[in-house]
2 protein chains.
Amino acid sequence: MPTIYEVAALAGVSPATVSRVLNGVNVSPEKARLVRDAAEQLSFTPSRTARSLRMQSSVVIALVIPDIENPFFTAMARGVEDVAQAAGYSVVLCNTDDDPVKEARYLDIAASENMAGIILATAGDQADVDRHTERGRPVVAVDRAPLGVEVDTVLVDNIGGGRAATTALYERGHSIVACITGPADVATARERAAGWEETVRARGGIPGPYLRHADFRVGGGRRAMSELLALPVPPDAVFVANNLMSVGALQVLFENGRATAGIGIASFGDLPFPTLAPIGISIVPLPARRLGETAARMLLERINGDEEPPRTVVLSNER
Amino acid sequence: MPTIYEVAALAGVSPATVSRVLNGVNVSPEKARLVRDAAEQLSFTPSRTARSLRMQSSVVIALVIPDIENPFFTAMARGVEDVAQAAGYSVVLCNTDDDPVKEARYLDIAASENMAGIILATAGDQADVDRHTERGRPVVAVDRAPLGVEVDTVLVDNIGGGRAATTALYERGHSIVACITGPADVATARERAAGWEETVRARGGIPGPYLRHADFRVGGGRRAMSELLALPVPPDAVFVANNLMSVGALQVLFENGRATAGIGIASFGDLPFPTLAPIGISIVPLPARRLGETAARMLLERINGDEEPPRTVVLSNER
DNA sequence: AGCGTCGCAGAAATCGATTTCAGCGTCAAG
DNA sequence: CTTGACGCTGAAATCGATTTCTGCGACGCT
């Protein structure tokens, strides 16, 4: 791995001049050519580590997500990546597995690696991002808003989506609409359920026994759906608050041969890789990719010196 | 962001001593306590950038994959992560989008960030990993073997899997078995098709018109399946060489109402998030997670100084 | 001619850690 | 009492880039 000193020696100039050539500062054309040739010949790549140390900042962005196996987050990652790459930044993905400890560790890494910024879909409700914001390192929260921290945030309309999905089920003629949502300590889960509950009450229903908290994963959806089916008075429709739990719920319905038995399903977020014949599932679209793109754009603005007070953007539930 | 100098000043010792305390070198107990207290008080996190520069190596591993939206690769990522985290390494994911240019860029980054090692599912057949191996930075290829490069490699038995899937279709009574495989310049695609072709010939079939190359994605599977159905003599079974194309193929069958019309499907690799009632799809399991775990373990051995000649491990097609 | 300005380039400082080297003190052995 | 070994510690070098500071030469203006 050649260094800038070797390039300088080969070109017969000082390392300072090599650096200037590489960074487009004014240098005489002859020296510039000498340097470029030398760099070419040694196939020189500047050490990002050294540069980061000196500049106190790198050109990589950390994207911290709770579940890399959830297509919602990977679609978001694609959005972030496209925008960031176009601006010359690289994106590294950090998978927290919904574990605040792992999350904290990755945030530490991001700080001590001098990363340019962080896009965070936080695992819990609390995230210690002060360390970053205090140092002027921008942080954008996406999908989930950390409590009590003032950072840019990109969200979807969870309550509205919950309402829309539930209303759609009523309008299809269902009368008892249950809800399978995520963990009670996750804000998105609470909000989606709130949209459901509000709608149920408005129609004179009793939400109580028909609300289930699960883990936002396939297995959780399965268990919750089984429980609902086992109720004395089972629901005839279910609003499921994310894509993976919808898969789980549908699996249970299929396995019980009830897929076409009139139990309606509405999913918050597209089903991953749908292969089903359209059996009348309502989908509230979740613009995962746009979420990522928007977050990335906001982060880049901050990196480029935007000092406005923190903003919150709520995307509508369209693809 | 406090530095080691501030900790040293607060503790009344030299930075060298602080470093020694933090790295467990022999230091008198009193000073050790002073240092630990000071570090605690300032909530000091050592700069990984500075450490990497000095040590010429960091504790992060790059995992370079072609498609982050493919559950096969994310499952693999989980395997890598579990093993790496347990050994104190962090994993960053790099998504190349099957683009050799992006791949080269990420390999550059890995080198110039002094990453500890690289696990690479290469986009094309060629990958320029010499830069790394020459510098003693370990590289493990996974799922796909870069041509003409001597590195540790973890593969699955593609030919055997192709054979097994095809045989299963014949044994279910199908007589014309087609094949949808990946791009012709990807070795795994060629090998899986080779297993199919061999089996077809052994049964007296004519492979020729029934082989389709697509892009290993849902859309490619759809197009290829449509083409096969439009043949003068369409097949009555199809071996599909990866999970996403299987989804595409199944979508087409469902949309045409042919799902139950006797066209058999065998998929190389589990279907993502299956919600179908079991309609008799044959699956050749692909141990994605074990692939990742194995690769990570091999990489860690190399990082820890293993100097044996490169090995190739072929995992059997079991979960 | 003299003076100020400007462009270019090298020497040296800097970022924050690790590590070598050297010094100091203590203790044991001769 | 001297010598050697050993343990602990700090000073200083180091990693490889960027950037400030400084100097030099050319040029223009009065």
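Given the structure is predicted, the values throughout are model-derived calculations rather than measurements. Within every chain, numbering begins at 1; the chains are lettered A, B, ... in the order of the sequence lines, protein sequences first and strands thereafter.
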Respond yes when some side-chain nitrogen or oxygen of A:S14 is under 4.0 Å from OP1 or OP2 of C:dG10, and no when none is.
-> yes
Select from B:Q56 and B:V27 the residue whose nearest nucleotide in DNA chain D is closer to the 5' end of that strand.
-> B:V27
Looking at residues at least two apart in the chain, or sitting in another chain, which of them share a salt bridge (Lys or Arg N to Asp or Glu O under 4.0 Å) with B:K102?
-> B:D97
Atom-to-atom span, CG of A:L53 to P of C:dC15 - whole angstrom = 9 Å
Residue-phosphate contact under 4.0 Å: B:N26 side-chain N/O, D:dC8 OP1/OP2 = yes
Under 3.5 Å, which donor-acceptor pairs do the side chains of residues 138-146 of chain B form with other protein atoms, sequence neighbours left out?
from	atom 1	to	atom 2	distance (Å)
B:R144	NH1	B:T122	O	3.0
B:R144	NH1	B:A123	O	3.3

Starting from P on C:dG16, measure out to CZ on B:F44 and report it in whole angstrom.
-> 10 Å
Within a strict 4.5 Å, meaning less than it, do heavy atoms of the A:M76 and A:I65 side chains meet?
-> yes
Starting from C1' on C:dA17, measure out to CZ on B:R48 and report it in whole angstrom.
-> 13 Å
In whole angstroms, the gap separating C1' of D:dC15 from CD of B:E113 amounts to 15 Å
Considering residues at least two apart in sequence or located in another chain, which fulfil the salt bridge (Lys or Arg N to Asp or Glu O under 4.0 Å) criterion with B:R290?
-> none
Short side-chain N/O contact from B:S28 to OP1 or OP2 of D:dT9, under 4.0 Å | yes
Reading nucleotides 18-27 of chain D from 5' to 3' and marking B where a protein heavy atom lies under 4.0 Å of the base, S where only the sugar-phosphate is that close, and - otherwise, the string is BBB-------
Residues that A:T153 engages under side-chain hydrogen bond (donor to acceptor under 3.5 Å, both in side chains), provided they are two or more places apart = none
side-chain hydrogen bond (donor to acceptor under 3.5 Å, both in side chains) partners of A:R302, counting only residues at least two apart | A:D152
